[in-house]
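Okay, so here's the structure we're looking at.
Just so it is clear: chains get the letters A, B, ... in the order the sequence lines come, proteins before strands, and each one is counted from 1. The shown structure was predicted, so the numbers you read here are calculated from the model rather than taken from an experiment.
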Amino acid sequence: MHWADVLADELLKEEKKHVLATGITPSGPIHIGNMREILTTDAVYRCLIDKGGDGELTYVADDYDPLRKVYPYLPKSYEKYVGMPISDIPCPCGKHKSYADHYLVSFLNSLKEIGVKPHVYRANEMYKNGDYNQAIQIALENTDKIKEIIQKISKRQLPKGWIPFNVRCEKCKKLTAAKAVLYDYPIIEYKCDCGYEGEVDITKGGVGKLPWRVDWPARWKMLGVTFEPFGKDLGTVGGARDTGEKIVEEIYGYPAPKYTVYEFIMLKGEGAMHSSKGTALSAGEMLAMTPPEVLRFLLMNNQPGKHLVFDSGLGLLNLVDEYDKEERVYFGKEEATKGMKDLKKTYELSQLRNYPKTIPYQLPYRHLVTLIQIGESWDEVKKILLRTKQIPKDLSKDDENHLKQRAEHARYWLDNFAPDIVKFEVKKKLPKVDLAKEQKKFLLALTGKLSSVDWEAEDIHKIIYDSSEKEKIPIKTAFKTIYQIILGQEKGPRAGYFLSNLNKDFVLERIEEAVI
RNA sequence: GGGCUUGUAGCUCAGCUAGGCAGAGCAAUCGGCUCUUAACCGAUUGGCCAGGGGUUCGAAUCCCCUCAAGCCCGCCA
């Protein structure tokens with residue numbers, strides 16, 4: 001059984017409306033590791049609905065969290081904002097409503113692109129609307145109990161006078177600097193490090209925030225959360241999950257949600273991704289270089305507890321191939337190889353929305369990578385594909401869009417991540433090369449045969465061999481010569497296919513020019 | 001110190017959430033066609049399933065112990 005089905009079954013033991021929650025703090029670029037949380041939950045959600053359950057997928061952006069420090073990717077001037085809620089800090093690029101939105105908006109766009117549609121909550125609005133007021137009041141009434149729970153389970157000593165609420169100083173706007181002096185419902189008197197002394201009324205929204213270890217359980221109760229996964233960093237004994245479980249049950253009188261712990265995603269060669277350390281690829285970038293169904297496939301095909309290595313180099317091509325193979329097997333075009341697990345479910349969960357009824361038109365991705373380096377626009381690529389009969393004339397609109405979309409991803413990958421070995425450029429003019437006599441002889445033989453041949457990959461391929469044999473030139477030199485005069489480099493894509501995708505007259509003229 | 005995950009062919013891994021013949025891909029070797037850019041096709045080789053114990057008619061699979069590796073926690077979230 002697919003892991004998502006196992007989790008969904010677990011939830012279905014209780015017949016009620018399930019709230020499947022995810023939450024991420026948009027304090028930096030949101031990366032694919034964070035995306036795993038959402039896609040994992042989305043998978044369970046889909047399985048739940050498939051099985052006839054009732055559920056909702058939610059995403060809480062904790063944008064009321066204070067900025068912890070000036071991250072490496074921030075200007076030094078942000079020093080003055082440290083401690084303020086990230087929804088109250090100006091946007092680094094100036095185009096968004098706030099610092100939080102700067103990262104959140106692009107992540108929400110990525111979610112849309114990858115086919116996830118959660119109900120989005122913003123913590124700053126929930127606090128300011130007063131949604132948290134009751135939870136805050138209950139927390140403050142139970143200060144001693146909460147303190148005891150946290151101290152006992154996390155083995156952490158909390159300071160004297162600690163209360164489960166961080167007041168936001170009215171003067172310096174920081175959540176991290178004010179110390180409560182006295183609590184007398186509904187007023188908290190406080191003294192801030194900035195020198196200000198004041199009081200806030202907790203029945204008014206947005207005057208402060210519950211600390212994380214209390215905020216989380218409060219939110220479970222408030223939203224009726226029944227399932228929420230979390231990363232392995234939070235899964236540790238004595239961590240927020242442990243204290244949260246106790247707090248939600250004993251203070252808020254609500255059962256702790258079910259969960260799964262998910263592993264991190266490593267970037268090949270760079271270790272785990274951390275938004276704060278800058279070793280992260282943003283979800284946006286990852287999606288720009290990877291077709292969305294393929295990215296989903298990567299996560300759906302692996303249990304959440306398995307750590308993944310994302311290879312933004314050549315490994316990406318293999319991943320796409322693997323997906324395409326899965327697709328062929330799903331539609332019965334190919335035998336399953338042993339080891340393909342939960343093939344049907346995995347494929348279906350990889351789809352953005354509706355499952356296709358017939359197999360989408362497939363073009364080998366590696367070949368597409370070559371083609372888009374020959375044709376500058378999709379129209380040109382399409383022309384080549386039609387001319388060489390690599391796609392049928394009556395290709396459906398959906399299939400064309402699918403290919404076009406893949407071409408865009410491949411293009412982004414080539415421009416930003418692909419290793420040089422797969423890159424080339426068809427030079428508009430003959431590159432400067434000193435050809436040896438034997439190379440010219442080979443070209444002469446080649447051009448004579450090429451001019452009279454059908455412009456087919458196999459035939460061209462054969463002619464290259466014939467010519468090299470006839471002129472007694474090593475085949476390696478023959479290929480090298482072709483690449484030199486067309487690409488200005490010594491290696492290139494498989495010659496037969498490559499040339500057949502170029503215009504015949506162009507190739508003949510180029511050879512002629514080179515021989516002179 | 002604690003937690004999680006992993007350990008299966010030379011490499012990367014599936015099989016573990018139904019206990020029932022040990023599996024794939026790549027590499028290697030041989031052949032086809034002098035074969036380019038992780039692209040061809042066919043065949044062959046390759047394993048004490050980390051080690052030990054237990055449960056069972058039967059264990060890679062379930063339980064316990066040991067060893068090794070990776071990551072996380074022991075600031076904040």
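- Rounding to whole angstrom units, CG of residue D65(A) and C1' of C76(B) are separated by 9 Å.
- No engagement by G231(A) is indicated, since no non-hydrogen atom pair under 4.0 Å with the nucleic acid exists.
- Aromatic pair Y483(A)/F424(A): centroids not less than 6.0 angstrom apart.
- Remark: the separation of the P atoms in C48(B) and U5(B) is 28 Å, to the nearest Å.
- Pair check for C30(B) finds G42(B); Watson-Crick or G-U wobble, both atom distances under 3.5 Å.
- In this structure, Y81(A) and Y78(A) have perpendicular ring planes: the angle between them is above 60°, well past the 30° mark.
- The phosphate of A14(B) (OP1 or OP2) has a side-chain N or O of K306(A) nearer than 4.0 angstrom.
- C41(B) and C71(B): their C1' atoms are spaced 42 Å apart (whole Å).
- Picking from U34(B), U36(B), G70(B) the nucleotide with the shortest atom distance to the side chain of R494(A) gives U36(B).
- Partner assigned to U55(B) is none, using Watson-Crick or G-U wobble distances below 3.5 angstrom.
- The ring of F230(A) has its center closer than 6.0 angstrom to the ring center of Y259(A).
- Going from atom CG of L343(A) over to atom C1' of G23(B) covers 16 Å, rounded to whole Å.
- If you take CG of N318(A) and P of A38(B), they are 11 Å apart, rounded to a whole angstrom.
- Closest-nucleotide positions on RNA chain B for N302(A) and F479(A) were compared, and the one nearer the 5' end corresponds to N302(A).
- When the shell of 6.0 Å around NZ of K258(A) is examined, it contains more than 12 heavy atoms from other residues, nucleotides or ligands.
- With R122(A) as the partner, the salt bridge (charged side-chain N to carboxylate O under 4.0 Å, His left out) test is satisfied by one option alone out of D62(A), D65(A), D101(A): D101(A).
- With both ends at atom P, the span from A24(B) to G42(B) equals 14 Å, rounded to whole Å.
- Among the heavy atoms of the strands lying under 4.0 Å from G305(A) are primed sugar atoms or P, OP1, OP2 only; no base atom is included.
- One can place CG of D242(A) at 13 Å from C1' of C4(B), the figure rounded to the nearest angstrom.
- Distance from the side chain of K232(A) is smallest for G3(B) among the nucleotides G3(B), A38(B), U17(B).
- Here the separation of A68(B) from G74(B), taken at their C1' atoms, is 23 Å to the nearest Å.
- Of the candidate nucleotides U17(B), A77(B), U36(B), U36(B) has the atom nearest to the side chain of Y483(A).
- Counting to the nearest Å, the C1' atom of U36(B) and the NZ atom of K462(A) are 18 Å from each other.
- Nucleotides C26(B) and A39(B) place their C1' atoms 13 Å apart, quoted to the nearest Å.
- The separation between R36(A) atom CZ and C71(B) atom C1' is 13 Å, rounded to whole Å.
- Contact annotation: the side chain of Y361(A) approaches that of L403(A) to within less than 4.5 Å [non-hydrogen atoms, C-beta and beyond].
- Both R68(A) and I475(A) lie close to RNA chain B; mapped to their nearest nucleotides by heavy-atom distance, the more 5′-ward contact belongs to I475(A).
- Separating the CG atom of L308(A) from the P atom of U6(B) is a distance of 12 Å, rounded to the nearest angstrom.
- Note on V422(A): a base of the nucleic acid sits closer than 4.0 angstrom, heavy atoms only.
- Remark: G23(B) base-pairs with C13(B); criterion is Watson-Crick or G-U wobble with both hydrogen-bond distances under 3.5 Å.
- Base orientation for A60(B): anti, the chi torsion being more than 90° from 0.
- Residue-level contact check: G315(A) touches the bases, meaning some heavy atom is under 4.0 Å from a base atom.
- Comparing atom distances between the A495(A) side chain and each of A38(B), U36(B), A77(B) picks out U36(B) as nearest.
- Taking atom C1' on both A60(B) and G47(B), the two are 11 Å apart, rounded to the nearest angstrom.
- With rounding to whole Å, N301(A) atom CG is found 14 Å from G25(B) atom C1'.
- Residues K179(A) and D193(A) are in side-chain contact: their nearest non-hydrogen atoms beyond the backbone lie under 4.5 Å apart.
- Nucleotides G46(B) and G51(B) have their C1' atoms positioned 23 Å apart, rounded to a whole Å.
- Residue H461(A) is classed as a base contact, given a heavy-atom separation below 4.0 Å to a base.
- Across all strands shown, G70(B) forms a Watson-Crick or G-U wobble pair with C4(B), both key distances being under 3.5 Å.
- Residues Q390(A) and H367(A) have side chains in contact (heavy-atom distance under 4.5 Å, counting atoms from C-beta outward).
- Nearest nucleotide to the side chain of I421(A), out of C72(B), A38(B), C76(B): A38(B).
- Here G47(B) sits opposite no nucleotide as a Watson-Crick or G-U wobble pair (both hydrogen-bonding atom distances under 3.5 Å).
- Comparing U6(B) with G15(B), their C1' atoms sit 15 Å apart, to the nearest whole Å.
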